[in-house]
*Asks:* 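Submitted below is the structure of interest, expressed as structure tokens.
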Number of protein chains: 2
Amino acid sequence: MTDFETREAAWIALNQMHVRVHRNIERALQDAGMPRLDWYDVLWALECAPEGLRPYQMQEALLFEQSGFSRLAMRLENEGLIIRRKDKTDGRGLVLHITDQGKALRGKIWPVYRQAIDQEMRHASEQKDCLTALLNHPRK
Amino acid sequence: MTDFETREAAWIALNQMHVRVHRNIERALQDAGMPRLDWYDVLWALECAPEGLRPYQMQEALLFEQSGFSRLAMRLENEGLIIRRKDKTDGRGLVLHITDQGKALRGKIWPVYRQAIDQEMRHASEQKDCLTALLNHPRK
DNA sequence: CACATATAGATGCATTTGCATCTATATTGC
DNA sequence: GCAATATAGATGCAAATGCATCTATATGTG
């Protein structure tokens, strides 16, 4: 197997694994009446940062697109889960903070999410062969 | 590290790797004036199946949602890249075939796609630690 | 200070998604 | 053969995405 073939196989495996796991986790959350995964990521990041976070920081950390995140933050604020304050030291920007309601929701999501991760990743690891090949492959 | 923590770390790594690689590959294709990745997958699957394929088969193989694939197939037909024929043995269904134009386009996409896979997966393998942990973890 | 450029975030628009539902044909059990 | 159920695929609708663009503030240079 050439280096390229190894990488290609890993790319295919990466996609399949991701689609399957992601879809199943999203469905588990939804079946439990919970919001989507990206909501969780934002809430958790903010709960870990009591001083708040700037949108552009979260975009980088969580790999969101700028416009997508802008609207996501708006939705979360509309639901009362976060607050967007003007940044005092940078008039262009905002600082996001989680609300008590946001914390409460995150706490409710976690057990469901945790259980789904555990279950789906266990299945996923059963199809690991292609990725293993990549990961064990010596890199030039 | 507990089993769960290992799986959680792998889930996070899986997501990050997937978003980064997927986004970069899509951009490489787009910058080269090529269509989106899902088009390629369909064209390639059909090129490998001269007798054609039923939509429901492709949905399973490529992990598409039913409605999403239905519309994707329509777009591809509108572009002249595939043909949807009625299945003679099953009045409910279709058989999809690739056209010469479809084959030509797939052939044009491949070098760009190949190059992008090679480059992005090489980078990706540099951040493999969390996934490695999962994959090397003995499974109960 | 004034002007050019860079950065943070919002928004309009076209496209795509996901879900639920709909139609048509197949299959199963009586 | 006929009713009940299952399966293939299409479609309406609300929501989400990506892209380009817009506004406002910051920063850097003369």
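Chain naming here is simple, since letters A, B, ... match the order of the sequence lines and numbering starts at 1 in each. Any value given below was found using the heavy atoms of this structure, including those in side chains, with hydrogens, waters and symmetry copies removed.
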*Asks:* Can you tell me if A:Gln59 uses its side chain to pair, donor with acceptor, with the backbone of A:Phe69 under 3.5 Å?
*Replies:*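 No; judged by distance alone, with no hydrogens or angles, the pair does not exist.
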*Asks:* Using a 4.0 Å heavy-atom cut-off, does A:Arg75 contact any base of the nucleic acid, only the sugar-phosphate backbone, or nothing at all?
*Replies:*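 Counting heavy atoms under 4.0 Å across all strands, the contact made by A:Arg75 is with sugar-phosphate only.
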*Asks:* Nucleotide range of DNA chain C contacted by chain A, 5' to 3', under 4.0 Å to a heavy atom?
*Replies:*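 Endpoints of the contacted stretch of DNA chain C: C:dT7 to C:dC19.
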*Asks:* Between B:Arg84 (side chain only) and B:His97 (backbone N and O only), is there a donor and an acceptor less than 3.5 Å apart?
*Replies:*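 Side chain of B:Arg84 to backbone of B:His97: no pair is present.
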*Asks:* Taking atom P of D:dG18 as reference, at what distance in whole Å does atom CD of B:Glu26 sit?
*Replies:*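 After rounding, the reported distance stands at 10 Å.
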*Asks:* Mind checking the NE2-NE2 spacing from B:His18 to A:His18? Nearest 0.5 Å is all I need.
*Replies:*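 It comes to 5.0 Å.
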*Asks:* Considering every strand and a 4.0 Å limit on heavy-atom distances, what is the contact class for A:Arg54: base, sugar-phosphate, or nothing?
*Replies:*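 Sugar-phosphate, no base atom in range.
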*Asks:* Quickly work out the A:Lys86 NZ to D:dA26 C1' distance and round it to whole Å.
*Replies:*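 One finds 16 Å between C1' of D:dA26 and NZ of A:Lys86, rounded.
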*Asks:* Which parts of residues 28-38 of chain B get close to DNA chain D, meaning a heavy atom less than 4.0 angstrom away?
*Replies:*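 Those residues are B:Gln30.
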*Asks:* With under 30° as parallel and over 60° as perpendicular, where do the rings of B:Tyr40 and B:Trp110 fit, or are they tilted in between?
*Replies:*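 It falls in the parallel class, under 30°.
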*Asks:* Measure from CZ on B:Arg92 to C1' on D:dA6 and round the result to the nearest Å.
*Replies:*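 Spelled out: CZ on B:Arg92 to C1' on D:dA6 is 8 Å.
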*Asks:* Measure across B:Val112 and B:Ala32 and return the closest heavy-atom pair with its distance rounded to 0.1 Å.
*Replies:*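 Residues B:Val112 and B:Ala32, closest heavy atoms: CG1-CB, 3.9 Å.
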*Asks:* Give the rounded distance in Å between these two atoms: OH of A:Tyr56 and P of D:dT25.
*Replies:*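 Whole-Å distance recorded here is 18 Å.
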*Asks:* Need one value for B:Gly91: base, sugar-phosphate or nothing, where a base atom within 4.0 Å counts as base even if backbone is also close, heavy atoms only.
*Replies:*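 The residue B:Gly91 makes sugar-phosphate contact but no base contact.
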*Asks:* What contact category does A:Asp90 fall into here, base, sugar-phosphate, or nothing, at under 4.0 angstrom with non-hydrogen atoms?
*Replies:*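 Sugar-phosphate contact only - A:Asp90 comes under 4.0 Å of backbone atoms but never of a base.
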*Asks:* Does A:Arg114 pair with B:Glu8 as a salt bridge, N-O distance under 4.0 Å?
*Replies:*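 Answer for the salt bridge query: no.
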*Asks:* Ignoring hydrogens and angles, are the base of D:dG18 and the side chain of B:Arg27 linked by a donor-acceptor pair under 3.5 Å?
*Replies:*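 Such a pair does not exist between side chain and base.
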*Asks:* When you match B:Ala73 and A:Lys88 each to their closest nucleotide on DNA chain D, which lands nearer the 5' end?
*Replies:*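 It is B:Ala73 whose nearest nucleotide is closer to the 5' end.
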*Asks:* Under the 3.5 angstrom rule, does the side chain of B:Gln57 hit a backbone N or O of B:Arg54 as a donor-acceptor pair?
*Replies:*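 Flag set: sc B:Gln57 to bb B:Arg54 pair under 3.5 Å.
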*Asks:* How about A:Gln115 and A:Gln119: does a side-chain donor come under 3.5 Å of a side-chain acceptor?
*Replies:*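 Short answer, yes.
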*Asks:* Could you check whether A:Leu94 gets within reach of a base, just the sugar-phosphate, or nothing at all, counting any heavy atom under 4.0 Å?
*Replies:*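 The residue A:Leu94 makes sugar-phosphate contact but no base contact.
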*Asks:* Quick one about A:Trp44 and A:Tyr113 (side-chain donor to acceptor, distance below 3.5 Å, no hydrogens or angles considered), yes or no?
*Replies:*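 Their side chains do not contain a donor-acceptor pair, so the 3.5 Å distance test is not met.
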*Asks:* Using atom CG of A:Asn78 as one end and atom P of D:dA16 as the other, report the distance to the nearest whole Å.
*Replies:*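 It is 11 Å, rounded to the nearest whole Å.
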*Asks:* Describe the nucleic acid contact of B:Glu65 in one word from base, sugar-phosphate, nothing, applying a heavy-atom distance below 4.0 Å.
*Replies:*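 Since only primed, P, OP1 and OP2 atoms lie under 4.0 Å of B:Glu65, the category is sugar-phosphate.
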